[in-house]
Amino acid sequence: MKAIYALYSAGQDAQRAVNGLRQAGVGDDQITVITVAPMEDFEFSHIGSKNRQWYAACAGGLVGLLFGTWLTRFTELDWPLNTGGMPIVAWWPNLIIMFELTMLGAIVANVGTLLVGAGLLRRRPVLHDPEVSNGKILVGVENPSEANRPALERALSVGTDFQLKTL
Amino acid sequence: MKTPTGNQLTTDLLRPLERTSWRFYLLSAFLGCFVVAGLSAWFYQMYWGFGVTGLLSPIFWGFFITDFVFWIGISHAGTLISAILRLVNAGWRRPVTRCAEVITAFALMIGGLFPIIHLGRPWLFFWLLPYPSRRLIWPNFRSPLVWDFFAITGYLTGSLLFLFLPMIPDFAIVRDRSTGLRKKIYGVLALGWRGTTSQWHRLESAMQIMAVAIIPVAVSVHTIVSFDFSMAPVPMWHSTIFGPYFVAGAIFSGIAGLIIAMAVLRKTLHLQDYLHPVHFENLGKLLLTMSLLWGYFVFNERLATWYGNDPAEMAVFRVTQSGSFAPLFWTMVICNFLLPVIILGIRRTRTIAGCVIASFGVCVGMWLERFLIVVPTLGHKYLPFTWASYRPRPTEIIITTATFAAMVLLYTLFAKFVPIIAIWEMKAGEHPSPDMTPQATAEHRLGDMHA
């Protein structure tokens with residue numbers, strides 16, 4: 001993997017670098033910003049804010065509900081047992097199992113979507129610098145075109161406290 | 001009182017991971033001895049059978065089920081408090097959430113162990129799982145014990161994930177700052193986390209969803225634990241108030257457990273700059289509220305029983321209030337109501353020490369409450385002919401003691417290997433979203449009030 005990036009100490013410098021990259025014709029989806037924590041008071045932190053976590057969780061919940069309904073109903077009908085005069089398919093107690101499986105489905109789908117969507121567990125090389133864990137802010141572009149490199153270097157060279165690096 | 005920021009914060013919170021004192025080994029060994037003793041007692045019980053316990057007809061539920069309900073209750077503080085504080089975006093939650101979530105995870109594991117300890121043949125625990133047995137009979141979904149299985153496993157799964165997800169960025173920090181084997185281990189745990197803006201947004205969304213999902217699950221778990229009792233037509237169990245009564249009691253004891261844990265962490269890991277008096281004051285107020293709510297529920301339960309004057313219920317009522325269980329009952333009232341209301345109701349005594357004393361009282365009181373729900377009723381059912389008493393034997397006492405030691409040991413080990421305060425969450429607090437943080441929350445975030 002090739003990349004060009006810079007490390008900044010101040011959020012303002014990182015924001016200026018992001019603005020510079022945009023002016024150099026780089027789209028938001030190509031800009032990589034890496035921080036040790038969310039920095040929601042800066043505009044750059046809103047890059048990539050759209051995701052489908054909620055939809056996935058709702059879908060997982062629905063699957064859990066359907067599974068819970070099937071499991072309770074199927075098993076009760078599979079071997080009908082008369083328990084305490086209750087009907088064979090007893091909805092009141094079944095609702096408890098259905099509820100628990102609905103929530104479990106939502107939780108598992110939510111975590112699964114996070115793992116896949118956030119690119120966790122992936123083994124391919126990615127742009128990262130351990131200095132980020134010391135508080136630096138990384139702004140860069142992965143796999144830049146050679147023709148565009150000088151413009152990117154200029155865009156990333158903002159402020160006084162920065163380190164320009166390439167991979 | 002200001003909270004350290006930047007690299008100072010990272011260094012402070014990673015110190016327990018990087019340096020190990022001899023006290024850690026000594027404490028671990030000390031607690032480990034209790035755990036080994038507990039395991040030995042359990043194996044002894046498995047070998048000789050339930051005759052070595054004080055459990056005899058008609059009192060089949062004693063210390064073990066008391067411990068089960070108690071630990072499930074303790075587990076309520078963590079995830080529930082953390083989830084609620086996350087949803088309302090309370091800034092002061094940041095140093096508290098992980099301390100709380102860990103309690104949930106470990107207390108649930110310990111609590112979930114008791115139904116298995118309580119099985120005569122624990123290796124057959126898988127009979128509780130929803131699978132068709134050799135005779136193709138599925139578990140009876142109309143049994144509250146099967147509800148327990150679904151509720152507790154669901155809550156445990158959710159709580160572990162709720163604890164683990166926000167740990168990923170912190171694992172990445174440890175990974176980037178270490179070398180050798182430690183780097184490899186934390187690298188695996190970090191799951192390849194980088195900290196891109198997209199990852200942060202997804203993590204925040206995931207945590208919001210988890211918070212929304214885990215609150216009703218937490219409430220359902222203790223309601224279902226209460227159903228183990230209230231679904232049976234037994235005096236003073238068959239009550240509609242048991243669901244909310246148990247949930248309130250669980251949150252009550254859970255907050256007490258959290259306050260004790262935070263105070264110990266603050267002292268032993270030197271986290272005075274992070275766990276401020278305002279955190280204890282806020283939790284102390286919450287504990288006071290729950291104490292009043294607990295008193296309200298007990299009054300309701302007792303009044304309805306007394307007014308109904310049913311002979312079977314009144315037998316249990318009398319034995320707890322003025323009979324052989326009266327000393328335990330009144331100790332419970334003092335510990336759960338009088339002590340917290342007096343200490344936490346007065347602002348001058350609502351200090352860290354005051355909160356801890358009240359919390360210890362609540363833990364003792366809530367364990368007694370669980371015991372008083374389980375044992376007097378079973379010993380005084382409808383026919384006086386079947387009345388009996390219960391005396392715990394050493395096996396039960398050792399196992400019970402060992403679980404408390406196990407809880408402290410697990411917590412100690414966790415604090416040794418994982419930052420007990422979420423580093424990234426503390427740093428995120430330095431960059432609050434202008435849209436999301438109301439002024440009042442920002443004020444609390446700094447922890448300056450009443451410092």
Side-chain angles (χ1 to χ4, degrees), chain A residues 11 32-42 44-51 53-54 57 61 71-72 74-76 78-79 81 83-84 86 90 93-94 96-97 99-101 103-104 106-108 110-111 113-115 117-123 126-128 130-135 138, chain B residues 6-7 10 130 132 136-144 146-147 150-151 153-154 157-158 161 165 168-169 172-173 175-177 191-206 208-210 213-214 216-217 220 224 227 423-428 430-436:
Chain A
T32 302
V33 182
I34 302 179
T35 53
V36 72
M39 300 175 73
E40 292 187 31
D41 48 348
F42 290 100
F44 65 74
S45 77
H46 299 287
I47 294 173
S49 62
K50 285 188 180 151
N51 59 63
Q53 289 284 138
W54 280 99
L71 182 69
T72 47
F74 163 75
T75 53
E76 281 163 350
D78 188 48
W79 193 294
L81 285 172
T83 307
M86 284 186 252
N94 287 2
I96 293 170
I97 308 292
F99 168 77
E100 297 297 339
L101 289 176
M103 302 316 274
L104 188 62
I107 287 169
V108 171
N110 177 39
V111 174
T113 311
L114 172 71
L115 293 178
L120 301 176
L121 301 171
R122 237 182 251 169
R123 287 183 169 267
V126 286
L127 174 56
H128 181 66
E131 276 299 304
V132 171
S133 291
N134 292 325
L138 185 154
Chain B
N7 278 339
T10 313
L136 292 177
I137 299 175
W138 289 74
N140 180 6
F141 287 111
R142 285 157 288 192
S143 159
V146 178
W147 306 344
F150 278 89
T153 49
T157 308
L161 292 170
L165 291 185
I168 296 172
I173 293 174
R175 172 198 66 195
D176 291 343
R177 291 169 64 105
L191 305 177
W193 179 267
R194 292 194 291 159
T196 61
T197 48
S198 165
Q199 284 183 333
W200 285 120
H201 284 294
R202 283 177 182 278
L203 181 65
E204 299 255 17
S205 297
Q208 287 282 320
I209 294 166
M210 291 295 285
I214 211 81
V217 173
S220 79
I224 289 169
F227 287 168
I423 297 171
W424 72 268
E425 288 210 63
M426 293 295 290
K427 291 193 173 189
E430 296 166 23
H431 302 280
S433 165
D435 305 329
M436 290 291 288

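Just the heavy atoms: all of them, side chains too, but no hydrogens, waters or symmetry mates, feed the values below. Below, chain A is the first sequence line, B the second, and so on; all start at residue 1.
Under the side chain to side chain contact (heavy atoms under 4.5 Å, CB included) rule, A:Gln53 has a single partner from B:His201, B:Arg202, B:Gln208, which is B:Arg202.
Atom CG of A:Asn51 is separated from atom OG of B:Ser198 by 7.5 Å, given to the nearest 0.5 angstrom. Atom OG1 of B:Thr153 sits about 8.5 Å away from atom CG of A:Leu101, to the nearest 0.5 Å. Atom CZ of B:Phe141 sits about 4.0 Å away from atom OG1 of A:Thr75, to the nearest 0.5 Å. Between the CZ atom in B:Arg142 and the CD1 atom in A:Ile96 there is a gap of 13.0 Å [rounded to 0.5 Å].
When side chains are defined from C-beta on, A:Leu127 counts as touching B:Arg194, because their heavy atoms get closer than 4.5 Å. Side-chain contact between B:Gln199 and A:Leu120 is present, with at least one heavy-atom pair separated by less than 4.5 Å. Side chains of A:Leu71 and B:Phe150 form a contact here, defined as non-hydrogen atoms less than 4.5 Å apart. Annotation: side chain of A:Ile107 is in contact with side chain of B:Ile214 (closest heavy-atom distance under 4.5 Å). Side-chain contact between A:Met39 and B:Thr197: absent, with no pair of heavy atoms (C-beta onward) separated by less than 4.5 Å. Under the 4.5 Å side-chain criterion, counting only non-hydrogen atoms from C-beta, B:Asp176 is in contact with A:His128.
Of all the listed residues (B:Pro169, B:Gly154, B:Ala151, B:Gly192), the one sharing the greatest number of non-hydrogen pairs under 4.5 Å with chain A is B:Ala151. Note: A:Val126 leads A:Leu115, A:Thr32, A:Val126, A:Thr113 in heavy-atom pairs under 4.5 Å with chain B. Counting heavy-atom pairs closer than 4.5 Å to chain B, the top residue among A:Phe99, A:Trp54, A:Phe44 is A:Trp54. Ranked by heavy-atom pairs under 4.5 Å with chain B, the first of A:Pro93, A:Gly119, A:Gly135, A:Ala106 is A:Pro93. The candidate with the highest count of non-hydrogen atom pairs below 4.5 Å against chain A, out of B:Ala172, B:Gly158, B:Gly195, B:Ser143, is B:Gly195. Contact tally against chain B (heavy-atom pairs below 4.5 Å) for A:Leu114, A:Val132, A:Leu104: the top residue is A:Leu114.
Of all heavy-atom pairs spanning B:Ala428 and A:Ala37, the tightest one is N-CB, 3.8 Å. When all heavy atoms of B:Ala213 and A:Met103 are compared, the pair lying nearest together is O-CE, 3.5 Å. Pairing each heavy atom of A:Val36 with each of B:Trp424, the nearest pair is O-CB, 3.6 Å.
Neither the backbone nor the side chain of B:Pro144 comes within contact range of chain A, judged by heavy atoms closer than 4.5 Å. Of the atoms belonging to A:Ser49, heavy atoms from both backbone and side chain fall under 4.5 Å from chain B. Only the side chain of A:Val111 comes within less than 4.5 Å of a heavy atom of chain B; its backbone N, CA, C and O stay farther away. Interface residue B:Thr157: only side-chain heavy atoms are found under 4.5 Å from chain A. For a residue to count as touching a neighbouring chain, one of its non-hydrogen atoms must lie under 4.5 Å from one of that chain's; by this rule B:Glu204 touches chain A with the side chain only. Proximity to chain A (any heavy atom under 4.5 Å) is restricted, for B:Leu161, to the side chain, taken from C-beta onward. The parts of B:Ile209 that come within reach of chain A are both its backbone and its side chain, each placing non-hydrogen atoms under 4.5 angstrom from that chain. Both the backbone and the side chain of A:Ile47 have a heavy atom closer than 4.5 Å to some heavy atom of chain B. Using a 4.5 Å cut-off between heavy atoms, B:Leu203 touches chain A through backbone and side chain atoms alike.
The salt bridge (charged side-chain N to carboxylate O under 4.0 Å, His left out) test applied to B:Arg175 returns no partner, not counting sequence neighbours. When the side chain to side chain contact (heavy atoms under 4.5 Å, CB included) test is applied to A:Ser45, the partners found at least two apart in sequence or on another chain are A:Glu40.
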